[in-house]
Undergrad: 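Sharing a structure here in structure tokens format.
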Amino acid sequence: MGIVIAVANNKGGVAKTTTACNLAHGLAMDIEAAGGGVILVDLDPQSSAAKFFGVYNQVYSASNQNGSCISFYLTNQANLAETVIHLDRPDDGLPRPNLYLIPASRELEYTTEDLIANETDRLRDEARGRRGRKAAPPLDDLLTHYLAPVIEQFDYVILDCPPKLDTLKTAVYNVADYVIAPTAADYMSVSGLMEHTEDLASLKEFKQVKAELALVVPTVVRSREVLDREMRDLLVETYGAERVADPIPASVSIKQSPAAGGRSIFEYKPNTPASDAYWHLAQRVRNELT
């Protein structure tokens, strides 16, 4: 059984996709010798993960009707094999033999609307005693149902979550074992993080979701800035040193790597403080989240 990790934070602009993608690749590199696999599941309709890894041409769009999207899998319009994209790009000098992606597209926005309507119908049927008429699983268990074969096949399943989970919030926290929450080292981002983790704690208490907060990851950190150091101290004070990962430094290379042909930081600028920071994060996940 694989480990499911949701990279999530209600606050936008805190490097969630960057962290999810680099973490997924770091884990895939680390376990390659053991023959394991890592799959990244994009839940953001902006298709950011596919763009990050340079495979957006394989994602569904108005001009690519044969492309992949998780929405088709969640609505039984495509099977798993038709949905998964292999991120191995040896012809481009980017070998990733055990790294895969389930992409998202704008279609996911419409699908979530349909899922809400189906859930309303299901609940209405239950209230009227028509149990079992709907074949679709309850919305809160949707990802647990559809990602079950994925979890069986891969060592790690990384969920790249949008700023607002909304419809799929409980579904994400039901299927995820752990949550990793990136946050920029500024006051508004840290405040947003605290609201997010309070929300997770409330869901865990009242809806009894499975996920637990594993790590907070300070991103875009400028170690010489007083405010950045103060915010990291606040994170340690709030969550404990054991839950605060080593900071990811502010780096132009991190921003440039996806634009350089869809490269992770390990491919674009290896052996730099930025790549070392994400490598340490992957190592910590590998060693601690088992």
Undergrad: Without swapping roles, check the side chain of Ser47 against the backbone of Ala104 for a donor-acceptor pair under 3.5 Å.
TA: yes
Undergrad: If hydrophobic residues (ILVMFWY) are linked whenever their side-chain heavy atoms come closer than 4.5 Å, directly or via other members, who joins Leu94 in its cluster?
TA: none
Undergrad: Could you tell me which residues satisfy side chain to side chain donor-acceptor pair (under 3.5 Å) with Asp92, sequence neighbours excluded, listed by chain and number?
TA: Arg89
Undergrad: Quick test of your reading: applying ring pair (Phe, Tyr, Trp, His ring centres under 6.0 Å), list the pairs with at least one residue in residues 271-290, sequence neighbours left out, ordered by first then second residue.
TA: none
Undergrad: Is Lys16 salt-bridged to Asp44, cutoff N-O under 4.0 Å?
TA: no
Undergrad: Quick one: closest heavy-atom pair of Ala176 and Ala6, and the distance?
TA: CB-CB, 4.0 Å
Undergrad: Just to verify, what does Tyr60 make a ring pair (Phe, Tyr, Trp, His ring centres under 6.0 Å) with, not counting sequence neighbours?
TA: Phe72
Undergrad: Can you tell me which residue pairs pass the side chain to side chain donor-acceptor pair (under 3.5 Å) test with a partner in residues 75-85, sequence neighbours excluded?
TA: Thr75-Gln77, Asn76-Tyr146
Undergrad: Is there a donor-acceptor pair closer than 3.5 Å between any side-chain N or O of Asn174 and the backbone N or O of Asp141?
TA: no
Undergrad: Could I get the full list of side chain to side chain donor-acceptor pair (under 3.5 Å) partners for Glu113, not counting sequence neighbours?
TA: none
Undergrad: Which atom pairs, donor and acceptor, lie under 3.5 Å between side-chain atoms of residues 208-219 and protein residues at least two apart or in another chain?
TA:
residue: Lys210; atom: NZ; partner: Val175; partner atom: O; Å: 3.4
residue: Lys210; atom: NZ; partner: Asp177; partner atom: OD1; Å: 3.4
residue: Thr219; atom: OG1; partner: Val14; partner atom: O; Å: 3.0
residue: Thr219; atom: OG1; partner: Thr183; partner atom: O; Å: 3.3

Undergrad: Which residues pass the side chain to side chain donor-acceptor pair (under 3.5 Å) test with Lys269, not counting sequence neighbours?
TA: none
Undergrad: For residues 177-207, which residue pairs pass the ring pair (Phe, Tyr, Trp, His ring centres under 6.0 Å) check, not counting sequence neighbours?
TA: none
Undergrad: Output every pair passing ring pair (Phe, Tyr, Trp, His ring centres under 6.0 Å) with a member in residues 89-114, not counting sequence neighbours, ordered by first then second residue.
TA: His86-Tyr100, Tyr100-Phe154
Undergrad: Is the number of heavy atoms from other residues, nucleotides or ligands within 6.0 Å of CG (Asn66) greater than 12?
TA: no
Undergrad: How would you list all residue pairs meeting side chain to side chain donor-acceptor pair (under 3.5 Å) that involve residues 232-253, not counting sequence neighbours?
TA: Thr197-Tyr239
Undergrad: How far apart are the closest heavy atoms of Pro149 and His145, and which atoms are they?
TA: CD-O, 4.0 Å
Undergrad: Just to verify, what does Arg229 make a side chain to side chain donor-acceptor pair (under 3.5 Å) with, not counting sequence neighbours?
TA: none
